[in-house]
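Just the heavy atoms: all of them, side chains too, but no hydrogens, waters or symmetry mates, feed the values below. A, B, ... follow the sequence lines: proteins, then strands. Residue 1 opens every chain.
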Amino acid sequence: MGDLKDLFRGLLKDTPHIFMDRNVFSSGYTPASLPHRDAQITTLASILVKALRGDAPSNVLMYGKTGTGKTAVARYVGEELEKMGVETNVTCSVLYINCELVDTQYRLLAQLAKAFDCEVPFTGWPTDHVYEEFKKAIDSKEQVVIIILDEVDNLVIKSDDALYNITRINGVLKNAKVSLIGISNDLNFTDYLDPRVKSSLGEEELIFPPYDALQIQDILYQRAKNGFNEGVLADDVIPMCAAYAAQEHGDARRALDLLRVSAELAERAKLIQVAGMHVRMAQDKIESDRIIEVIRTLPVQSKLVLYSVIVLLDNGSRVSRTGEVYSIYKQLCNNIDTDILTQRRITDLISELDMLGIINAIVVNKGRYGRTKEISLSVPVQSIRNVLTDEQRLTSLSEFKPVNMQVSLAAAY
DNA sequence: CCTCCACCGGAACGTGAGGAGT
DNA sequence: ACTCCTCACGTTCCGGTGGAGG
């Protein structure tokens with residue numbers, strides 16, 4: 001036990017210093033420069049420069065798939081604008097709000113008010129009261145407020161009132177000016193909008209095309225220079241990360257994750273250099289983490305269906321049919337005292353699992369023996385069995401033995 | 001060529017939770 | 001505090017189907 005004191009000391013000493021600054025790879029990090037986004041940066045800056053003259057810039061909509069640098073560009077230009085505002089003595093405030101978390105009008109207003117030191121309780125006030133408070137707070141002095149709404153789709157899907165109110169706020173303010181920057185990865189999201197909001201929000205539009213493999217490489221090299229110590233990356237590491245990410249529609253964030261995970265794997269193996277092998281391992285790890293996360297958050301009923309497939313697999317059938325799955329599923333439900341859903345619903349659950357890429361379900365015709373779905377697992381069994389029995393209500397199922405297996409025996413012939 | 005299996009999948013409807021309006 | 005609306009989740013009902021076997 002006395003050695004425990006040295007536990008961390010030992011680990012500290014042993015750990016090779018691959019990372020210089022882990023922060024460089026976190027999602028909130030804004031790098032000092034953004035390769036291959038000069039055009040977007042210049043355009044955005046030329047729109048926002050009006051703020052430095054004390055006017056409200058046009059509202060901007062930014063489109064692009066995930067990992068194309070939308071958020072980074074918006075934050076980067078925002079920071080520069082604030083800096084410039086200090087120099088030129090114009091108060092410019094840039095607020096960044098992620099609408100994935102802030103997805104109702106109330107929460108949005110509360111969040112905005114809070115940014116101006118205005119106390120709003122989490123709940124309780126009528127929405128228009130919060131709106132008034134927020135107006136009062138920003139109108140207290142002359143300033144230009146730029147609100148960046150990331151993932152703005154989330155705010156709109158429920159109702160576009162929030163956007164409607166904010167786009168019209170300039171009409172009622174005396175001192176302050178407000179502009180919006182909406183960020184969306186859905187090109188068609190304006191279809192959901194009220195036409196008035198649409199024309200007001202989309203005064204300017206910026207498109208972010210996906211990066212190609214070479215561009216991703218540049219980004220990675222730049223981050224690696226700030227994030228890793230020198231010489232820890234083998235030559236092929238970054239090209240590999242870029243190639244993998246480029247295959248999946250040029251997602252730079254994905255490439256950065258890949259690079260980070262590769263380095264973490266190498267670090268955990270106590271190596272001093274990251275090799276191509278680690279990139280491959282990282283690719284697998286990210287994918288299996290994704291699958292596990294998807295399965296873990298599945299509703300209980302879907303888990304039961306999935307478990308039924310596994311049970312059938314354990315009993316020797318490589319593919320299973322809907323009828324078999326359903327009969328096992330019913331047994332499982334009785335076993336843990338859960339409501340049994342109808343077969344119609346199970347059909348849908350099976351289709352959902354198929355779409356998530358966890359199972360493979362194809363419709364086949366067996367002539368006289370009917371028409372059904374042939375279901376097989378498209379991920380390794382051992383990786384998901386434990387995830388399923390981790391769920392509190394399903395733990396007892398690890399002991400489960402199916403009765404009445406002649407159905408699947410018959411299927412063997 | 002016809003039948004008929006064993007399920008597919010569309011349509012309409014019921015229900016409860018939760019948010020918005022008043 | 002109340003009703004109204006919407007949405008996710010499920011059920012009921014049912015027409016549809018490709019081909020093995022007669």
Whole Å only: how far is the [atom1] atom of [X] from the [atom2] atom of [N]?
X	N	atom1	atom2	result
A/Arg368	C/dG22	CZ	P	7 Å
A/Arg321	B/dC8	CZ	P	11 Å
A/Leu341	C/dC9	CG	P	12 Å
A/Tyr326	B/dC8	OH	C1'	15 Å
A/Glu352	C/dG10	CD	C1'	12 Å
A/Arg371	C/dC14	CZ	P	20 Å
A/Ile350	B/dA6	CD1	P	17 Å
A/Ile346	C/dT12	CD1	P	13 Å

Do A/Ser33 and A/Gln222 come within less than 4.5 Å of each other through their side chains, counting heavy atoms only?
yes

At how many degrees, to 10°, do the end axes of the helix from B/dC1-C/dG22 to B/dT22-C/dA1 meet when each uses five pairs?
10°

With a 4.0 Å cut-off, would you call [X] and [Y] a salt bridge?
X	Y	answer
A/Arg254	A/Asp257	no
A/Glu293	A/Arg290	no
A/Arg345	A/Glu352	yes

If you look at every strand shown and take non-hydrogen atoms under 4.0 Å, does A/Ile362 touch a base, only sugar-phosphate, or nothing?
nothing

[N] OP1/OP2 closer than 4.0 Å to side-chain N/O of [X]:
X	N	result
A/Thr347	B/dG9	no
A/Lys366	C/dG21	no
A/Thr342	C/dT11	yes
A/Arg345	C/dG10	yes

Give the nucleotide from the list C/dG19, B/dT3, B/dC8 with an atom nearest to the side chain of A/Asn365.
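So the nucleotide nearest the side chain must be C/dG19.
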
Evaluate the ring planes of A/Phe228 and A/Phe25, with Trp represented by its six-membered ring, and classify them as parallel (under 30°), tilted (30 to 60°) or perpendicular (over 60°).
tilted

Could you say whether A/Lys373 or A/Tyr369 is positioned toward the 5' end of DNA chain B, judged by the nucleotide with the nearest heavy atom to each?
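The 5'-side residue here is A/Tyr369.
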
Any donor-acceptor pair, under 3.5 Å, between the side chain of A/Arg344 and the base of B/dG9, if you only look at N and O atoms?
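Yes.
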
Check the pair A/Thr66, A/Asn185 against side chain to side chain donor-acceptor pair (under 3.5 Å), reporting the backbone distance first and the verdict last.
CA-CA 6 Å; A/Thr66 47; A/Asn185 46 32; 5.7 Å; no

With a 3.5 Å distance limit and no angle check, can you tell me whether A/Thr389 reaches the backbone of A/Arg385 through a side-chain donor-acceptor pair?
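Checking the backbone N and O of A/Arg385 against the side chain of A/Thr389, a donor-acceptor pair under 3.5 Å is found.
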
